[in-house]
Student: 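After the structure tokens below, expect a handful of questions from me.
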Amino acid sequence: MSAQITVLQAYNQALSDAMSDDDQVLVLGEDIADPEEGGVVGLTKGLSTKFGELRVRTTPISEEAIIGAAVGASLVGFRPVAEIMLMNFTTVAMDMIVNHAAKLRYMSGGQTHCPLVIRTMTGAGMSTGGQHSDYYEAWFAHTPGMKVVCPSTTEDAYGLLRSAIDDPDPVMVVENMPIYWTKGPKPEAGHRVPLGKANILSPGTDITIVSYSRTVLEALGALQAISGAGVSAEIIDLRTVQPWDQEAVLASVEKTGRLLIAHEAVVPFGCGAEIAAVVQDQLFGKLKAPVKRLGASFNPVPFSKPLETAHMTDAAKIAAAAIALVKGE
Amino acid sequence: MSAQITVLQAYNQALSDAMSDDDQVLVLGEDIADPEEGGVVGLTKGLSTKFGELRVRTTPISEEAIIGAAVGASLVGFRPVAEIMLMNFTTVAMDMIVNHAAKLRYMSGGQTHCPLVIRTMTGAGMSTGGQHSDYYEAWFAHTPGMKVVCPSTTEDAYGLLRSAIDDPDPVMVVENMPIYWTKGPKPEAGHRVPLGKANILSPGTDITIVSYSRTVLEALGALQAISGAGVSAEIIDLRTVQPWDQEAVLASVEKTGRLLIAHEAVVPFGCGAEIAAVVQDQLFGKLKAPVKRLGASFNPVPFSKPLETAHMTDAAKIAAAAIALVKGE
Amino acid sequence: MSTNTYVPDGPTKLEMFRKMALLKANDERSRKVITTGRLIMPYYSYRGQEAIPAAMGVVLKDTDYLCTIYRGIHDMLAKGLPLKSLWAEIAGRVEGTCKGKGGPMHLTDVEHGVMVTTGIVGASMPIANGLAWASQLRGEDRVAVATFGDAASNIGAFHEALNLASVWKLPTIFVCQNNLWGEHTAYEKSTSAKRIADRAAAYCMPGICVDGNDPVELYGAFCEAVARARAGEGPTLIEAVTFRFQGHVFGDASGYIPKEEMEAAKARDPYPLFRARLIAEAIATEEELSAIEAAHEASLDEAVEFALASPFPAAEEACTDVYGEVA
Amino acid sequence: MSTNTYVPDGPTKLEMFRKMALLKANDERSRKVITTGRLIMPYYSYRGQEAIPAAMGVVLKDTDYLCTIYRGIHDMLAKGLPLKSLWAEIAGRVEGTCKGKGGPMHLTDVEHGVMVTTGIVGASMPIANGLAWASQLRGEDRVAVATFGDAASNIGAFHEALNLASVWKLPTIFVCQNNLWGEHTAYEKSTSAKRIADRAAAYCMPGICVDGNDPVELYGAFCEAVARARAGEGPTLIEAVTFRFQGHVFGDASGYIPKEEMEAAKARDPYPLFRARLIAEAIATEEELSAIEAAHEASLDEAVEFALASPFPAAEEACTDVYGEVA
Ligand SMILES: Cc1ncc(C[n+]2csc(CCOP(=O)(O)OP(=O)(O)O)c2C)c(N)n1
Ligand SMILES: Cc1ncc(C[n+]2csc(CCOP(=O)(O)OP(=O)(O)O)c2C)c(N)n1
Ligand SMILES: [Mg+2]
Ligand SMILES: [Mg+2]
């Protein structure tokens with residue numbers, strides 16, 4: 001077996017390699033330098049020691065100032081990677097993200113652009129309650145000028161973050177916190193995963209299951225139950241939510257005739273809606289069943305463990321929905 | 001013809017009547033009191049003179065503080081109506097809206113709740129450029145705990161705002177600025193339009209056109225061209241986007257077999273996606289054509305007039321799309 | 001500073017001690033129960049900061065409002081949140097004050113004026129203004145207290161809230177518990193003001209800096225601020241300088257805090273100091289104080305047992321309390 | 001204040017006048033052209049505030065960065081934005097500096113360091129910090145200026161930006177053009193500080209309050225702040241007290257401003273005062289100044305004509321410049 005590292009280490013390695021390869025890459029955020037132990041989960045550990053505290057800079061708790069600094073530096077050629085510790089805290093930096101980072105290329109008529117990355121972690125399952133685990137990727141996917149990626153493996157964590165840093169426009173990297181400590185193959189140095197390209201994880205013929213972020217692992221976890229029921233599922237890790245890989249999804253659903261979309265965000269007005277809307281349009285008359293969506297129940301994330309579990313999308317729910325869709329229940 | 005007033009006057013009247021009927025209703029926002037001429041468009045004119053500057057309170061330019069004050073007062077029984085002047089400025093108050101107003105009922109286990117209203121205006125067509133006319137209703141519709149209404153007429157402006165003020169939970173009222181000066185029937189005092197109930201504006205048999213806010217007027221404007229092409233369109237004003245009236249939409253589409261959704265927000269990951277996703281699911285096998293969506297092109301709102309026009313959803317585009325959908329082009 | 005104006009009498013001092021003892025015992029018990037694995041939650045220890053809410057608690061009334069933060073269980077207990085409601089909540093049980101939905105970062109207890117607990121840095125302040133506005137509108141003399149940390153004074157919400165409170169002359173009291181660290185980051189690295197209290201001047205608001213480990217000084221500051229607020233004279237910013245003896249969150253060994261700094265801080269632990277002072281001032285005997293401590297331990301035994309015996313909510317409860325009934 | 005350290009010489013004063021004259025003429029022309037219906041745009045007149053950017057303009061270099069706001073065309077012109085690029089932009093034409101996509105609230109002109117123009121109150125400041133950080137990282141002596149209004153000093157972004165600039169010792173200069181009104185709201189009703197410059201103390205940053213109608217005082221303040229920034233000594237907050245002679249936006253008759261206040265302000269109109277001063281100080285003759293004014297009018301004739309003759313962008317342009325090419 002090849003060398004294994006955690007998803008967290010993959011992100012760290014990607015930042016370190018990007019900073020080595022290009023001295024215009026910067027990292028900023030709360031607690032991220034080494035005197036602060038490289039962040040609350042140690043994801044940026046070692047960077048400031050290697051690259052100095054001017055390039056790897058701990059900030060005050062001022063998310064607007066953080067993204068503002070990233071925007072400003074990016075306008076003149078730097079490639080800042082700003083950390084917004086948790087996705088719920090993007091709510092205090094929305095103006096800088098949506099009205100500025102995403103729009104400056106357009107509003108300047110292409111004179112400037114913002115090659116910056118916003119890394120943020122989130123995800124339910126750790127009993128952190130209502131303000132620490134939301135998935136808001138649909139907001140940013142709805143924002144012209146933004147790109148959004150949601151890695152689920154060590155190789156994608158590395159490869160998508162590297163591509164995000166290379167990208168000439170603002171990219172939000174949504175990191176799932178509960179899978180930081182999951183291990184996987186150590187990515188090769190310099191590995192890239194192109195933005196907008198999905199990954200077909202398991203080929204199948206009866207149903208396509210599209211997912212991203214941690215929910216991909218739940219979908220994989222559902223595979224055995226699904227095939228046990230005699231159903232052959234094709235599992236697609238979307239990897240990038242904006243722009244998403246329509247070609248790959250359409251090709252798969254054209255083949256299977258059925259689509260289940262599963263994500264961690266709440267269902268209504270979530271990213272699954274866009275995928276469903278496009279697929280029903282493009283494959284009208286070719287579907288064997290309606291496109292179905294799975295996601296968290298429509299409520300804030302509850303604290304109490306049984307409620308949090310009930311709220312979340314898991315392998316069992318995915319298996320049940322996939323089997324029902326194929327068996328026509 | 002019955003008495004006519006503008007949409008702007010309808011909002012003003014609703015606030016005035018609500019404040020007369022219930023002394024727990026408060027109004028706050030930038031420039032809104034009478035020494036400040038009742039707001040930049042005079043929408044709140046007369047209120048502070050009638051109800052005093054303690055209940056109708058001009059604020060500093062501090063949107064987090066504005067929504068925070070509304071949240072706090074609402075927790076103990078007041079019904080604050082907070083104005084965020086333009087929808088783009090909700091970006092600096094997102095934390096208060098999303099993490100607090102929308103969640104406090106849930107997180108407190110029902111001990112408290114936030115009966116507050118957020119009024120905000122927006123809409124392209126007035127050459128205000130990239131940061132003054134966005135539609136973000138999809139963000140809030142994706143937020144459990146929030147309700148979102150988008151009036152398009154004098155009666156709905158009045159009736160939805162009154163219902164929003166009555167409602168026990170946070171409601172965002174998205175006001176279209178370009179139609180403020182459009183006239184319509186003067187609503188009866190005390191008129192209510194229930195949240196979540198759509199309005200069928202013109203019955204038809206070939207296609208259902210679902211819309212809300214200013215785009216409804218464009219849909220109505222498209223009617224003649226549509227019927228001129230021999231197509232019978234049923235036009236539905238959704239009025240409330242969260243919760244939206246699935247029953248009415250499904251009943252209509254079940255009858256017509258075709259659905260076109262038109263809104264002013266950009267298409268990808270917009271509210272049209274949710275409606276399309278639900279309809280293709282609930283009416284699988286009953287549709288004569290794929291559900292189609294129309295909205296602004298996927299870019300920030302441009303300043304230059306011809307670009308702004310090209311960007312927007314108008315009657316001509318709606319007519320063309322509706323006819324094409326029915327005629328099968 | 002005019003702390004001389006308000007001097008606590010013996011019974012008040014004893015009451016402050018009683019609160020401090022409760023808070024300290026509760027913190028220690030929390031960490032112990034987490035260590036045994038019987039509670040799973042993010043826990044933000046307030047050990048070292050007990051004097052601040054203890055003084056606040058004796059000055060405020062039940063009807064006054066409190067908005068606090070993730071590191072705020074000491075504030076809530078001092079304000080009157082019952083131990084059993086607290087423990088059942090942090091155990092995620094139906095008998096918790098929020099039926100288990102809120103958890104340790106989102107406790108509410110309307111009965112005792114604990115209105116909001118937030119996990120978002122800075123968010124306690126704008127909401128407290130709204131409660132203060134309500135009080136002002138109703139002509140009541142209730143005050144609204146927002147507590148927050150030193151690093152929170154760098155976020156926009158702090159600025160907007162203090163400015164609004166000042167121009168609206170709200171009865172809001174902003175209580176900064178300056179423990180000199182924000183997560184892993186030292187004060188100087190994130191905060192440009194020498195003193196948080198200095199920032200009050202930017203809002204033409206009185207700013208009081210007090211020793212956050214001295215209940216007597218704190219009492220004076222709270223009395224002064226509360227009197228001003230109740231008299232309709234507007235808000236006050238209180239900076240209480242203290243220290244956080246544990247990591248930011250349970251499990252964090254605070255390796256980033258220099259050893260000497262931590263040791264020096266612990267040498268000024270407000271609890272043994274105030275305990276000794278009460279005995280020296282003959283306000284209470286060693287036995288009396290030990291009895292208080294023992295009583296708290298007994299209440300904690302009871303609360304923990306109660307909490308862990310309380311049932312978990314049914315799965316369907318996940319989807320309720322999202323919206324209310326429309327009349 | 002140490003404005004004595006930096007005193008403009010005659011040619012510098014004349015250059016400031018030249019800029020003021022350009023700005024004033026441009027404002028008057030803008031309103032005139034809008035009145036004729038040949039331009040449709042939201043227009044935020046800066047009439048009365050010309051001295052501030054005029055002084056800034058002679059102190060800054062082309063390579064310095066500027067982040068300004070909707071009411072910022074004076075700032076941009078003073079920084080070097082060519083009239084033709086401006087006028088074609090506000091007319092929404094392809095030859096506009098942003099190809100017509102930005103419009104009057106979102107001009108950029110990288111060549112002259114006009115990096116960002118924002119319509120969001122407060123947003124110029126955090127971005128200017130990023131440009132200043134870039135300068136610091138590259139060891140350049142460029143400074144970044146953020147301009148904003150008095151009422152903008154009440155929004156969170158102001159606070160976060162000033163704090164960050166201070167702890168990072170950035171070469172950012174925060175220039176508050178205090179025209180005493182924010183839209184329809186008077187200063188005192190929204191701003192709790194007596195002086196905006198007082199707020200600098202909250203960040204241990206120098207705060208300079210100057211007469212925003214006096215180019216000479218302004219020159220001193222800018223020189224001082226720029227020198228400090230170039231020397232790596234960190235940011236400065238400059239408050240320039242001035243007035244807005246027109247409504248908030250074109251079409252607003254500013255009925256909410258007391259007549260006497262407006263009249264008193266107009267009596268201190270910086271333009272005729274500075275003009276008279278140059279003549280009194282024998283720096284220029286009436287004829288020379290008139291010639292400057294006439295030249296500006298001629299340039300404006302040309303720019304307006306150029307703009308209105310420039311084609312509108314093709315409809316397809318609406319969808320370009322959203323994303324760049326991925327390498
Ligand atoms: C807006 C926001 N940003 C970041 C965080 C993450 N965070 C939680 S506590 C904390 C440190 C706060 O420090 P301080 O205000 O001094 O309070 P203390 O924890 O020391 O009591 C941070 C950065 C957050 N909760 N909210
Ligand atoms: C975040 C935000 N809130 C509100 C507005 C609406 N608005 C535009 S200008 C303005 C007044 C600003 O006043 P000031 O900062 O004094 O600048 P001035 O216009 O006087 O130059 C307001 C409230 C906005 N653009 N952005
Ligand atoms: Mg702290
Ligand atoms: Mg102003």
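It should be emphasised that the depicted structure is a prediction, and the values quoted were computed from it without experimental measurement. To find a chain, count down the sequence lines: A is the first, B the second, and so on, and within it residues start at 1.
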Student: List the steps, then state whether side chain to side chain donor-acceptor pair (under 3.5 Å) holds for A:Tyr212 with A:Glu137.
Tutor: CA-CA 11 Å; A:Tyr212 52 88; A:Glu137 70 280 10; 2.5 Å; yes
Student: Checking an interface table here. Which of residues 147-157 of chain C come within a heavy-atom distance under 4.5 Å of chain A?
Tutor: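 At a heavy-atom separation under 4.5 Å, chain A is reached by C:Ala151, C:Asn154, C:Ile155.
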Student: What part of C:Tyr323 gets closer than 4.5 Å to chain A, counting heavy atoms only: side chain, backbone, both or neither?
Tutor: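 Contact with chain A: side chain only.
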Student: For residues 49-61 of chain A, pull every pair meeting salt bridge (charged side-chain N to carboxylate O under 4.0 Å, His left out), keeping only residues two or more places apart or in separate chains.
Tutor: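 Every salt bridge (charged side-chain N to carboxylate O under 4.0 Å, His left out) pair that includes a residue of residues 49-61 of chain A, provided the two are not neighbours, is A:Glu53-C:Lys189.
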Student: Take the angle between the ring planes of A:Tyr136 and A:Trp139 and call it parallel below 30°, perpendicular above 60°, tilted in between.
Tutor: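 Judged by the thresholds at 30° and 60°, the geometry between A:Tyr136 and A:Trp139 is parallel.
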Student: Below 4.5 Å, heavy-atom pairs only: which of C:Pro313, C:Ser192, C:Ala186, C:Pro42 has the largest tally toward chain A?
Tutor: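 Ranked by heavy-atom pairs under 4.5 Å with chain A, first place is C:Pro313.
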Student: Report yes if some heavy atom in the side chain of A:Met121 is under 4.5 Å from a heavy atom in the side chain of A:Leu86; otherwise report no.
Tutor: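 Of all side-chain heavy-atom pairs linking A:Leu86 with A:Met121, at least one is under 4.5 Å.
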Student: When you measure from the side chain of C:Asn178 to the backbone N and O of C:Glu239, does any donor-acceptor pair fall under 3.5 Å?
Tutor: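 No, because the side chain of C:Asn178 does not come within donor-acceptor range (under 3.5 Å) of the backbone of C:Glu239.
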Student: Heavy-atom distance under 4.5 Å between the side chains of A:Val56 and A:Met19, does that happen here?
Tutor: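 SC-SC contact between A:Val56 and A:Met19 confirmed.
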Student: If you apply the rule side chain to side chain donor-acceptor pair (under 3.5 Å), what do you find for C:Tyr46 with C:Asn179, and how did you get there?
Tutor: CA-CA 10 Å; C:Tyr46 51 79; C:Asn179 59 20; over 6 Å; no
Student: Could you tell me if A:His311 and A:Asn299 have a donor-acceptor pair between their side chains, going purely by distance under 3.5 Å?
Tutor: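 Present: a donor and an acceptor within the cut-off.
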Student: Given that the side chain runs from C-beta out, which part of A:Phe298 has a heavy atom under 4.5 Å from chain C: side chain, backbone, both or neither?
Tutor: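 The answer is both parts of A:Phe298.
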Student: Does C:Leu308 CG have over 12 foreign heavy atoms under 6.0 Å away?
Tutor: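 Yes.
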Student: Name the member of C:Val322, C:Thr185, C:Asp321 that forms the most heavy-atom pairs with chain A at distances under 4.5 Å.
Tutor: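 Of the candidates given, the most pairs with chain A belong to C:Thr185.
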Student: Among C:Ala123, C:Ala318, C:Cys319, single out the residue with the greatest number of heavy-atom pairs under 4.5 Å to chain A.
Tutor: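 Looking at each of C:Ala123, C:Ala318, C:Cys319 in turn, C:Ala318 comes out on top.
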Student: Are there residues of residues 247-263 of chain C that reach to under 4.5 Å of chain A by heavy atoms, and which ones?
Tutor: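 Interface residues of residues 247-263 of chain C: C:Gly255, C:Tyr256.
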Student: Salt bridge between C:Glu317 and C:Lys101, side-chain N to carboxylate O under 4.0 Å?
Tutor: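 Looking at C:Glu317 and C:Lys101, the cut-off is met.
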Student: Which residues in residues 85-96 of chain C have any heavy atom lying under 4.5 Å from a heavy atom of chain A?
Tutor: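 Only C:Glu89, C:Ile90, C:Ala91, C:Gly92 of residues 85-96 of chain C have a heavy atom under 4.5 Å from chain A.
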Student: Pick one of side chain, backbone, both or neither for A:Met312, based on which atoms fall under 4.5 Å of a heavy atom in chain C.
Tutor: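 The answer is neither part of A:Met312.
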Student: Determine whether the side chains of C:Gln177 and C:Asp75 contain a donor N or O and an acceptor N or O closer than 3.5 Å.
Tutor: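 Side chains of C:Gln177 and C:Asp75: pair found under 3.5 Å.
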